[in-house]
Structures are given as structure tokens and as C-alpha cells.
Amino acid sequence: MAPTTRPTFRRSLALLAGVALLANIGLTGAAEAQSTPPLNGPASVADLAEGLLDAVVNISTSQNIKGDEGAGPAPRAPDGSPFQEFFNDFFNKQQGGPGGNHNVSSLGSGFVIDPSGYIVTNNHVIEGADDIEVNFANGTKLKAKLIGTDTKTDLSVLKVEPRTPLTAVKFGDSSDMRIGDWVMAIGNPFGFGGSVTVGIISGRGRNINAGPYDNFIQTDAAINKGNSGGPLFNMKGEVIGINTAIISPSGGSIGIGFSVPSELAAGVVNQLREFGETRRGWLGVRIQPVTDDVADSLGLDTAKGALVAGVIKGGPVDNGSIKAGDVILKFDGKPVNEMRDLPRVVAESPVGKEVDVVVLRDGKEQTVKVTLGRLEDSDQAASNDADTSPDGVINPDPEENDDMDEPNPDQDQVQPAPDGKGQTDQQAPVTPDARTPKDVLGLSLSQLSPEIRKTFGIAESVDGVVVTEVAPGSAAAEKGLKAGDVIVEVAQEFMKSPDAVAAKVQSLKQEGRRNAQLMIASANGDLRFIAVPME
């Protein structure tokens with residue numbers, strides 16, 4: 001019997017040891033579970049929000065509309081209807097009656113930036129308001145005075161007179177924020193009172209065509225009607241954006257909201273507080289984008305910078321420091337990656353500041369010093385320029401650019417055959433070859449003469465080589481060149497004759513360039529740059 005009893009005893013010992021081991025593991029696991037807090041979601045932002053809610057305010061405005069101004073036609077009941085009298089009385093009361101006055105109210109948000117009572121909001125929240133009232137989280141209501149407003153960035157500064165210091169917040173540096181960073185928006189959506197939403201930064205540098213200095217932060221933190229003018233906070237409780245706009249087919253949040261970054265807003269707010277207006281820097285140049293073709297014609301590796309198409313007479317750079325044809329690559333140490341970057345960095349710079357501007361000129365980078373003027377003082381200096389805009393730089397007219405791409409049928413039908421006769425003694429003598437029309441890049445070119453000027457209406461101030469005909473379907477035609485245009489420069493070199501144009505184009509081909517950059521003058525002298533493929 002012993003042989004059978006022994007194995008049974010051994011199995012019993014093994015079983016007891018296994019039970020003890022499992023019991024020990026269970027006790028250890030229980031102890032570890034007690035020492036580790038349960039996972040109940042991401043960390044709470046309650047402490048952060050609690051300290052900021054009092055600084056965020058609701059802004060209500062009212063505007064007195066006289067008569068039927070701004071009111072649409074009221075619906076009417078059918079004549080003879082038993083409800084006609086009741087129906088018409090109701091809508092007359094709603095609209096203040098014929099010729100009466102009525103109030104239009106709106107709600108928005110804002111935030112306190114100074115305990116003494118300075119408040120920031122959006123311009124569109126208070127625009128046109130007769131009365132502005134600020135409602136605080138504790139129920140206090142104070143009348144507000146408009147200190148200053150800036151329509152280009154949609155920002156306004158208000159002032160209230162509190163009895164005791166207010167809870168205030170400060171601006172942070174939005175340039176430090178990265179896509180994916182957590183942010184918190186506080187506002188007053190739909191008039192419900194202080195409301196907190198949390199999300200992340202979805203994008204930076206967004207251009208939504210809201211103004212000349214678009215550089216919005218995009219966030220998926222819910223922003224709804226009434227959130228406009230409210231702050232967007234980082235997780236330190238600093239304001240890194242001012243909630244301004246949303247994209248939504250319904251009017252409610254779909255997770256695409258936009259905020260003015262603090263790096264732009266802080267300077268505007270400080271100027272509005274100090275001066276009641278903005279005082280922006282002004283460079284006084286007309287610019288256009290650097291396309292891939294233009295970049296290739298200039299020898300740039302990539303399309304970057306802002307191409308100077310003209311300089312405003314009497315402006316800050318009319319002294320020759322910056323010239324037409326330059327490509328501005330850096331301004332005051334800040335890179336100009338694309339054309340729209342330049343108006344913003346110029347406008348943010350102090351008036352009268354001397355800055356270093358890195359330009360590409362004649363294929364080489366060089367640094368020039370420029371002293372900025374004031375944008376608001378630029379109107380008189382630029383009054384003679386047809387393309388003046390209030391952006392700190394002079395941008396091409398979009399409609400004009402559209403015209404550049406469309407041949408002028410009236411001018412295309414005029415195809416003079418200049419022979420040089422009638423040339424006055426005051427004109428510089430030219431060689432016979434220079435007088436002979438040349439065909440280059442699908443363009444028929446000719447020397448300017450009094451007859452040519454009269455035919456195309458070209459101003460005396462315009463000099464260069466005139467285009468008398470453009471081959472249909474050519475690359476030049478596709479770029480919008482037309483008869484009557486004047487080629488002033490090719491690859492930043494002034495052109496005196498059709499032969500000079502032909503020689504320069506041939507030289508560029510030998511250098512391996514695929515495009516020829518042409519400075520083109522219209523009949524009245526407006527300049528633009530076009531890169532024409534040479535293949």
C-alpha cells in the first residue's frame with residue numbers, strides 16, 4: 001500500500017503550496033490596488049477654471065434703430081382675413097410701429113485685463129452700440145465706455161468704473177503654443193452665464209479672409225454664439241487667444257473655432273489703451289506673391305518671400321533702400337515665408353523704428369535698413385498711387401490681377417507695325433536693329449515711339465520695350481500679357497530695345513533658367529511681375 005500512499009501525499013503537499021502562493025499573490029495585488037488611485041478620466045481643470053471665471057464677463061449692448069431702419073418687411077395676413085387686424089397689430093408692435101423706434105440687443109463675452117476696469121472684447125460685439133453694459137459673475141452690472149476699437153483685428157477695449165478692484169487675467173505668449181496643446185475657452189454662449197469648454201489647438205496661422213492680418217489659432221474647444229470676445233486660455237491660466245469666429249452651417253459649434261492670437265492682440269490692446277487708436281508701421285511698397293515660376297526665374301530654391309512690385313512715392317523706402325523687383329525674405333529678423341506675412345509683421349512694428357530688411361536683389365541676399373512710417377499718415381503720401389491699401393504694404397488689387405490674366409480683346413485687335421518714322425530728336429538714338437520688331441517668347445516687340453505711345457495710350461513716364469502682339473496660345477498669352485504692355489526689365493535688368501530682350505532671354509536659357517522674370521508696366525505705369533516659361 002505504501003507505493004500508492006506516497007504519491008498521494010506528495011500531490012497534497014504540492015496542492016497546499018500552490019494555494020499558499022496564489023493567496024500571497026492575491027494579497028499583494030490587493031495592496032497594490034489600494035495604493036493606486038482609480039482611473040476616472042483626464043485630470044480635472046476645475047481649479048484652473050475657478051480662478052478665471054470671475055475675470056470673464058458678459059457684455060450686452062443695445063442700439064436704438066429709428067423708424068424702419070434695418071427692419072425687413074413684415075408679413076401680412078390676406079386682405080379680408082378675420083385675423084388681419086390682430087396679425088397686423090402684433091407685427092407693428094414688434095417693429096415699434098410705422099415710423100417708430102425700436103431697440104436691437106446683442107450678447108457677447110469679454111475679459112478683464114486690469115483690476116481698474118479695462119476689458120477686452122471683439123469689435124463686432126459692440127459695433128454700433130448706443131449702450132454697453134458689462135455683467136460680472138457675481139451679478140454686478142456696470143456701464144462701459146468704449147476706449148478704442150480696431151476693425152482690422154476685430155478688437156475693442158472698454159472701461160468700467162468698479163468700486164473695488166476686479167479679478168483680472170494677463171496675456172500669455174501664443175507663439176509658444178503647439179498644435180495639440182490643451183486650451184480652455186470661457187464665455188457666455190446663448191446668454192446662459194459663464195461656461196467653460198476644453199479642447200486642443202487644431203491649427204495655427206489660419207487665414208479665413210476676415211482681415212488683412214489674419215493669423216488665427218484654430219481650436220476644437222466649443223465656441224458658440226455669445227462666446228465672441230471671450231478668452232482662450234492655456235493651462236497656466238494665461239490668455240493666448242480671443243475667440244472671434246467659427247465655421248458652422250448651423251450656427252453652433254462643430255469643433256472649428258478661431259481665436260486672435262495674443263502675439264497679435266496684445267500689441268493692439270496696448271495701443272488702444274494708450275492712444276485710443278492703433279499706430280501701425282508702414283513700409284510703403286506694393287507687393288505680390290512669389291510663385292513657383294517667379295522663384296525659378298529668380299534662382300530661389302523655393303517659393304518664399306514677398307515680391308516688391310512698386311514703391312510708393314514719398315513713402316519710407318522711396319529713398320531707394322528697397323526697389324521694385326526685390327524679394328523681401330526677412331523683416332526685422334522675422335522670416336517672410338509668404339506674401340501675407342509681410343503686412344502683419346510691418347503693422348506690428350513700432351512707428352519710427354529702424355529695422356533690418358533682408359532682400360534678394362540681383363540674385364544675392366543683402367540687408368538694408370529701413371525706418372518705418374506710420375500707416376495712418378500714409379494716405380497723403382500714397383494718394384497718387386492707385387493701389388493703396390490700409391495694410392502697411394500696398395497689395396495688388398485682386399480685380400486687377402484678374403484682368404492681368406485676361407487678354408484685352410480691344411487691344412489685341414490693334415496690331416501696329418511701327419517703322420520708327422516720326423521719331424523726334426529728343427529721343428535717344430537707336431540702332432536699326434533696335435527699331436526692327438522682334439519675336440521673343442511669343443511676343444512681338446518694338447521700340448517705343450511717339451506713334452506707339454499714341455496708339456496704345458502709353459504715358460510718357462513709361463519706358464522700355466512695347467508688346468505689339470501676343471501669339472494666341474503662347475505661354476505669354478496664358479500669363480495675361482497683351483498688346484500695349486511695356487517690358488521694363490527682364491531678370492532685374494532694364495530693357496532698352498527688342499534686341500536687348502532677345503539677348504537677355506537667350507542668356508537666361510544658357511544659364512539653365514526655365515522662366516524669365518519680366519517687369520511689366522501698364523499704359524498708365526502700374527507695375528507687375530510675370531514669370532514667363534521659356535520652354
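At least one donor-acceptor pair closer than 3.5 Å links the side chain of Asn319 to the backbone N or O of Ser321. Using modelled atom types, no side-chain atom of Glu338 and backbone atom of Ala303 make a donor-acceptor pair closer than 3.5 Å. In this structure, the side chain of Arg513 does not engage the main chain of Met534 through any donor-acceptor pair within 3.5 Å. Formation of a donor-acceptor pair under 3.5 Å by the Ser262 side chain with backbone atoms of Gly241 is not found in this model. A donor-acceptor pair is defined here as one N or O able to donate and one able to accept, closer than 3.5 Å; such a pair exists between the side chain of Asp154 and the backbone of Asn123. For Glu469 (side chain) and Ser444 (main-chain N/O), no donor-acceptor pair under 3.5 Å exists by modelled atom type. The backbone N or O of Asp326 sits nowhere less than 3.5 Å from a side-chain atom of Arg361 that would complete a donor-acceptor pair. The backbone N or O of Asp293 sits nowhere less than 3.5 Å from a side-chain atom of Asp296 that would complete a donor-acceptor pair. Side-chain atoms of Thr121 come within 3.5 Å of backbone N or O of Ser109 as a donor-acceptor pair.
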Exercise. Starting from the C-alpha separation in whole Å, work towards a yes-or-no answer on side chain to side chain contact (heavy atoms under 4.5 Å, CB included) for Phe456 and Val467.
Key: CA-CA 10 Å; Phe456 293 108; Val467 177; over 6 Å; no
Quiz item: salt bridge (charged side-chain N to carboxylate O under 4.0 Å, His left out) between Glu277 and Arg374: does it pass, once the steps are laid out?
Solution: CA-CA 12 Å; Glu277 62 181 0; Arg374 182 183 172 189; 3.0 Å; yes
Practice problem: Report the C-alpha separation of Leu443 and Val532 in whole Å, then their side-chain angles, then the decisive distance to 0.1 Å, and conclude whether the side chain to side chain contact (heavy atoms under 4.5 Å, CB included) test is met. | Solution: CA-CA 11 Å; Leu443 303 171; Val532 179; 6.0 Å; no
Quiz prompt | Verdict with supporting geometry, Lys479 and Asp485, salt bridge (charged side-chain N to carboxylate O under 4.0 Å, His left out) | solution = CA-CA 12 Å; Lys479 291 293 185 178; Asp485 283 339; over 6 Å; no
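Residues Ile217 and Phe258 form no side-chain contact, since every pair of their non-hydrogen atoms from C-beta on lies 4.5 Å or further apart. Using a 4.5 Å cut-off on side-chain heavy atoms (C-beta onward), Val160 and Ile119 make contact. Residues Ile287 and Pro343 have side chains in contact (heavy-atom distance under 4.5 Å, counting atoms from C-beta outward). Between Leu146 and Leu158, the closest side-chain pair of non-hydrogen atoms falls below 4.5 Å. Side-chain contact between Asp356 and Asp332: absent, with no pair of heavy atoms (C-beta onward) separated by less than 4.5 Å. Side-chain contact between Val488 and Asp463 is absent, with no heavy-atom pair separated by less than 4.5 Å. In this structure the side chain of Val169 reaches within 4.5 angstrom of the side chain of Phe233, judged on heavy atoms. Two residues are said to be in side-chain contact when any heavy atoms from C-beta on lie closer than 4.5 Å; Leu518 and Leu481 meet this criterion.
Pairs engaging residues 302-312 under the salt bridge (charged side-chain N to carboxylate O under 4.0 Å, His left out) rule: none recorded [sequence neighbours left out].
The pair Arg280-Asp150 meets the salt-bridge criterion, since a charged nitrogen lies less than 4.0 angstrom from a carboxylate oxygen. Ion pairing between a basic and an acidic side chain is recognised when a charged N comes within 4.0 Å of a carboxylate O; Lys313 and Asp318 show no such pairing.
Rounding to the nearest 0.5 angstrom, the gap separating the CD atom in Glu348 from the CG atom in Leu264 is 5.0 Å. Separating the CZ atom in Arg344 from the OG1 atom in Thr153 is a distance of 12.5 Å, to the nearest 0.5 Å.
In the model, Thr244 has a side-chain atom that pairs as donor or acceptor with a side-chain atom of Asn122 under 3.5 Å. With 3.5 Å as the limit, one finds a donor-acceptor pair spanning the side chains of Glu263 and Ser174. There is no side-chain donor-acceptor pair under 3.5 Å between Asp499 and Ser497.
Remark: Glu274 engages no residue in a side chain to side chain donor-acceptor pair (under 3.5 Å) (not counting sequence neighbours).
Between Pro231 and the options Leu52, Val239, Ile242, a side chain to side chain contact (heavy atoms under 4.5 Å, CB included) holds for only Val239.
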